[in-house]
Amino acid sequence: MISRLNRISRETPGCPECFPRLSFTQIAFPANDKSLFMSTVRTRFAPSPTGYMHIGGMRTALFNWLWARHNGGQFILRIDDTDQERNLSEALGPILQAFKWLGLDWDEGPEVGGEHGPYFQSERNDLYRGAVDKLLAAGKAYRDYDTPEQIQADREAASQEKKNYLNIRRSLELTESELEQYAAEGRPSVVRLLVPRDQKIQIDDAVRGHVEFVAGLMPDPVILRGNGTPLYNLATVIDDAQMQISHVIRAEEHLSNTPVQVLIYQALGYELPQFAHIPFVAAPGGKEKLSKRKLDKYRKSPQFKKMFDKAEAVFPRIGLENAGGLDPVMVEYYEKIGYLPEAILNSLARLGWSLDDKTEFMSLDTIVENFTLDRIVKAAAGLDPDKLLNFQSHWMNQLSLEDKIEHCSPYLEKAGLVQDASQPEVKERISRVIVGMEDRLKVASDILEFDEFFVPDVQLEYDDKAFKKRIQKSEEAVALLEKFKEQLAQTDDFSAAALDHLLHEFVEAEGIGMGQIIHALRVAVSGKGTGIGMFDCLSILGQASCVKRIDRAIGLTQNA
RNA sequence: GGCCCCAUCGUCUAGUUAGGCCCAGGACAUCGGGUUUUCAUCCCGAAAACAGGGGUUCAAAUCCCCUUGGGGUCACCA
């Protein structure tokens, strides 16, 4: 374990000698700032209530959670609803549900509260206003009366001259009396941070290393809107500082926001957290950030197609029209289609992080134990549906039979294939089918592909291609089926082993190859060309069904 | 376009911080063979990468520089 302790963990708070991020000599530390000596790792995830949980966001949340748990620290959930008009509980519900489903608990946040609340930014306006007032008073921010049109014109002018745009700062030239007059007449204004243009901003990122930005290239960012509400960059800094977040672990698209935030930290005299900008989750087979806005493109992607196909095959059958509005960018998609939390967690953890050179399958406990920031990969990683399915297959196989039944039964019920899966004889059948499925059961909803065991004999649908190939176009198939059916009808032992024996004897007596009958038999009783082991299949269906189905199949050849 | 980040098999990655153990290891996917007188598994095997160019060095995937490519971000969004 100790040897695993990496550069970063050595730099975590509690070790004042190796605080690379304290190279900001210009920061004034309040003498009584306890947080300077805090040793608790506190991480946070701050989703905005969008109505769904993004799978990439989930990975970011997971890394935060892992780092907190690895260090015995706290994980905080905070809701970024500063720009929020929709129904909050409706928009937040699916997000919290995703955390609950995966078992990622939070120590502070919605539903659980905590000492550093409130945990909704919309309820923290006083804090933001107070900070802005402080910045204004200290001359580190200014009230800007420039209209959006003016700003736009300035930008265009700069771009015409091929120059980098910087605020003209006209409002700084205003006289005392003009300012008073503007304020009195309620002229619209925003508050901007006064960027110290002579600085270099340095960030020591746990994943990226040392990154520098030139402040002289940065426009003055708006920190307070005209309506008095804060912007993300302001709110996040104040919240992180006040909530004593030790490590800000977030996706790399935030790296370019970081200099603004560092300036705000400095202006407010706050200690900087350790930043860790992890790569974003990319779309399968690419390097582009996975985005809900590109769903139409994904539908055509060969890697992604399987997931959409699966959704189309499963969701309508369980009563979700239009796939229930679910797509593979959403965590809920995986939950509803029958993935296991273990598989999603394992897969997400391996996306951009590894334990060593060969370990693939890891329980959450194993991941927590071994998770360190220095093993995070720098490059963006594409979500790989095939590999995810492989993880899923592995974890599904770890489940007890009882658990598998538990996971699969709801699908059969929702699809109307069984009335009540808890009834003993129904449960027994489900159990036998699952045993017969063996590794064919990967995702819980896969059981729907074995509906032949649950539909009434007369409603069994025959796969056209398989029926034609194995029965219709096979010269001897019908005759053999007819003959073997008689034997099936007469036997009194319908166990898989006995049926195995029976068919082998039949084949021998007829002097034919197994292949000449078994395919036809399979299609006749199951309607499909592939399925579980033949004898398990017959045995589960039972004598009466097998006979009826063979008769029906033979009948169908005569009608055609 | 400015700024910033990134670069090992098709994909996810190990190896890069402390150069030699690497003519580069594992996994997924692919292909071939075997087992299963059915389907799926399973087993064995194959193919498959250090973006390019310069340096430094006895030695470079690893350090430095340049080029190229990919990506992110440039809001009174988060």
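Chain A is the first sequence line, chain B the second, and so forth, proteins listed ahead of strands; every chain is numbered from 1.
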Test Lys442(A) against Glu449(A) for salt bridge (charged side-chain N to carboxylate O under 4.0 Å, His left out), laying out the working first. CA-CA 11 Å; Lys442(A) 293 187 165 73; Glu449(A) 291 167 28; over 6 Å; no
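Contacts of Lys387(A) with the nucleic acid, taken as non-hydrogen atoms under 4.0 Å apart, include base atoms. Counting non-hydrogen atoms under 4.0 angstrom, Gly513(A) reaches nothing in the nucleic acid. In this structure, Phe535(A) reaches neither bases nor backbone, as no heavy-atom distance under 4.0 Å exists between it and the strands shown. Residue-level contact check: Val222(A) touches the backbone only, with heavy atoms under 4.0 Å from sugar-phosphate atoms and none from bases. Nucleic acid contact class of Glu360(A) (heavy atoms, under 4.0 Å, all strands): base. Contact annotation for Lys528(A): no contact, since no heavy-atom pair falls under 4.0 Å across all strands. Counting non-hydrogen atoms under 4.0 angstrom, Phe391(A) reaches nothing in the nucleic acid. Within 4.0 Å of Gln303(A), counting heavy atoms only, lies no atom of the nucleic acid at all. Backbone-only engagement by Arg208(A) is indicated by non-hydrogen atom pairs under 4.0 Å involving sugar-phosphate atoms exclusively. Residue-level contact check: Gly352(A) touches the backbone only, with heavy atoms under 4.0 Å from sugar-phosphate atoms and none from bases. Within the nucleic acid shown, His504(A) comes within 4.0 Å of at least one base atom, counting heavy atoms only. Among the heavy atoms of the strands, none lies under 4.0 Å from Asn233(A). Using a 4.0 Å heavy-atom cutoff across all strands shown, Gly285(A) reaches no nucleic acid atom at all.
One C1' atom belongs to rG52(B), the other to rU68(B), and the distance between them is 7 Å to the nearest Å. With P as the reference atom, rA75(B) and rG54(B) are 41 Å apart, rounded to whole Å. For the P atom pair drawn from rC5(B) and rA48(B), the interatomic distance equals 35 Å after rounding to whole Å. For the C1' atom pair drawn from rA78(B) and rA59(B), the interatomic distance equals 50 Å after rounding to whole Å. Taking the P atom of each, rG20(B) and rG25(B) are spaced 16 Å apart, rounded to whole Å. rA51(B) sits 9 Å from rA7(B) when the P atoms are compared, rounded to a whole Å. When the C1' atom is used for both rC44(B) and rU35(B), the distance is 11 Å, rounded to whole Å. rC76(B) and rG53(B): their C1' atoms are spaced 48 Å apart (whole Å).
Distances from the side chain of Ser48(A) to the nucleotides rC76(B), rG72(B), rA78(B) place rA78(B) closest. Comparing rU41(B), rC4(B), rA75(B) by their closest approach to the side chain of Phe213(A) singles out rC4(B). Across rC12(B), rU38(B), rA7(B), the shortest atom-to-atom separation from the side chain of Ile518(A) is found for rU38(B). Side-chain proximity of Val377(A) to the nucleotides rG71(B), rC3(B), rA14(B) is greatest for rA14(B). The Val211(A) side chain lies nearest to rC5(B) when the options are rU13(B), rU38(B), rC5(B). Closest contact between the side chain of Asp357(A) and the listed nucleotides rC28(B), rG25(B), rG72(B) involves rG25(B). Taking only side-chain atoms of Ser256(A), from C-beta outward, the nucleotide of rU13(B), rU73(B), rA78(B) with the closest atom is rU73(B).
For the pair Met534(A) CE and rU37(B) P, the computed distance is 14 Å after rounding to whole Å. One can place OH of Tyr165(A) at 21 Å from P of rU73(B), the figure rounded to the nearest angstrom. Note: CD1 (Ile264(A)) to P (rA78(B)) measures 12 Å, nearest angstrom. Atom-to-atom, CG of Leu290(A) to P of rG70(B) comes out at 20 Å; the value is rounded to the nearest Å. Rounded to an integer number of Å, the gap from CG of Asp356(A) to P of rU16(B) is 13 Å. When rounded to the nearest whole Å, the span between NZ of Lys292(A) and C1' of rC77(B) equals 18 Å. Put simply, CG on Asp386(A) is 13 Å from P on rU11(B), counting in whole angstrom units. Rounded to whole Å, the distance from CD1 on Ile79(A) to P on rC77(B) is 19 Å.
Within the 4.0 Å cut-off from OP1 or OP2 of rA78(B), at least one side-chain nitrogen or oxygen of Arg225(A) is found. Put simply, Arg375(A) has no side-chain N or O that comes within less than 4.0 Å of OP1 or OP2 on rU13(B). Contact annotation: Arg155(A) does not reach the phosphate of rC74(B) (side-chain N/O to OP1 or OP2, under 4.0 Å). Contact annotation: Lys378(A) side-chain N/O to rU16(B) OP1/OP2 distance is not under 4.0 Å. Phosphate proximity of rC12(B) to Lys287(A): present, with a side-chain N or O under 4.0 Å from OP1 or OP2.
Judged purely by distance below 3.5 Å, without hydrogens or angles, the side chains of Asp81(A) and Gln121(A) never pair a donor atom with an acceptor atom. Using a 3.5 Å distance cut-off with no hydrogens or angles, the side chains of Ser171(A) and Asp144(A) do pair a donor with an acceptor.
Summarising the base pairing, rG1(B) is matched to rC74(B) through a Watson-Crick or G-U wobble pair whose two defining distances lie under 3.5 Å. The partner of rA7(B) is rU68(B), judged by Watson-Crick or G-U wobble contacts that both fall below 3.5 Å. As the counterpart of rA61(B), no nucleotide is assigned, since no Watson-Crick or G-U wobble pattern has both distances under 3.5 Å. Judged by Watson-Crick or G-U wobble contacts below 3.5 Å, the nucleotide rU36(B) has no partner.
Side-chain N/O atoms of Asp384(A) and base N/O atoms of rA29(B) include no donor-acceptor pair closer than 3.5 Å.
Heavy atoms of other residues, nucleotides or ligands lying less than 6.0 angstrom from NZ of Lys292(A) number more than 12. Counted within 6.0 Å of CD on Glu123(A), heavy atoms from surrounding residues, nucleotides or ligands total more than 12; the atom is thus considered enclosed.
Taking the six-membered ring where the residue is Trp, Phe361(A) and Trp395(A) present perpendicular rings, their angle passing 60° and hence far from 30°. Ring geometry for Phe99(A) versus Phe45(A): interplanar angle of 30 to 60°, hence tilted. Ring geometry for His277(A) versus Phe275(A): interplanar angle under 30°, hence parallel rather than tilted (30 to 60°).
Map Asn390(A) and Ala381(A) each onto its nearest nucleotide of RNA chain B; the residue landing nearer the 5' end is Ala381(A). Both Ala379(A) and Gly533(A) lie close to RNA chain B; mapped to their nearest nucleotides by heavy-atom distance, the more 5′-ward contact belongs to Ala379(A).
A salt bridge between Lys378(A) and Glu252(A) is absent, with no side-chain N of the basic residue lying under 4.0 Å from a carboxylate O of the acidic one.
For the atom pair Asn125(A) CG and Arg129(A) CZ, the distance stands at 7.5 Å (nearest 0.5 Å).
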